[in-house]
Amino acid sequence: MLTPAGRNVVAIEREADRTAAEPAAQAARPATKLALLLEQMSCMQGATLATLTAATGWQPHTVRAAVVRLRQKGHAIERDRGADGVSRYRLNSSGAAETTTTAPAA
């Protein structure tokens, strides 16, 4: 059987455990999906729409809308269409917010 003094000690220990665990939970916060899109597009070869939809779990039209929104926020995102006809989205290294589309070689 616990005495009142023992209950106070247990309550203090539980409270100390809770406050110690809270900062760790905040530090482990996952990145946002927009940050995930930016990370995927920052690769040298860029990212295809299929890659971005797989990474976020979004529908293709939602990914395209998010790319537009990132452009509106000032991110320089360019879209290149390769010889295979697949569009690749990549962050522009020059920093200028412009969209470039290159046609496949004939």
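Keep in mind that the numbers below use all heavy atoms, side chains included, and drop hydrogens, waters and symmetry copies.
- Atom CG in N92 sits 10.5 Å away from atom CZ in R71 (nearest 0.5 Å).
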Less than 3.5 Å apart, which donor and acceptor atoms pair up between the side chains of residues 37-46 and the rest of the protein, not counting sequence neighbours?
{"residue": "S42", "atom": "OG", "partner": "E39", "partner atom": "O", "Å": "2.7"}

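- Every residue two or more places apart in sequence or in another chain that forms a side-chain contact (heavy atoms from CB on, under 4.5 Å) with V86 is listed here: T48, D84.
- Among residues at least two apart or in separate chains, there is no side-chain hydrogen bond (donor to acceptor under 3.5 Å, both in side chains) pair with a member in residues 52-65.
- Here the closest non-hydrogen pair linking L36 and A55 is CD2-O, 3.3 Å.
- With values rounded to the nearest 0.5 angstrom, R69 atom CZ is found 9.5 Å from L34 atom CG.
- Every residue two or more places apart in sequence or in another chain was checked for a side-chain contact (heavy atoms from CB on, under 4.5 Å) with A54, and none qualifies.
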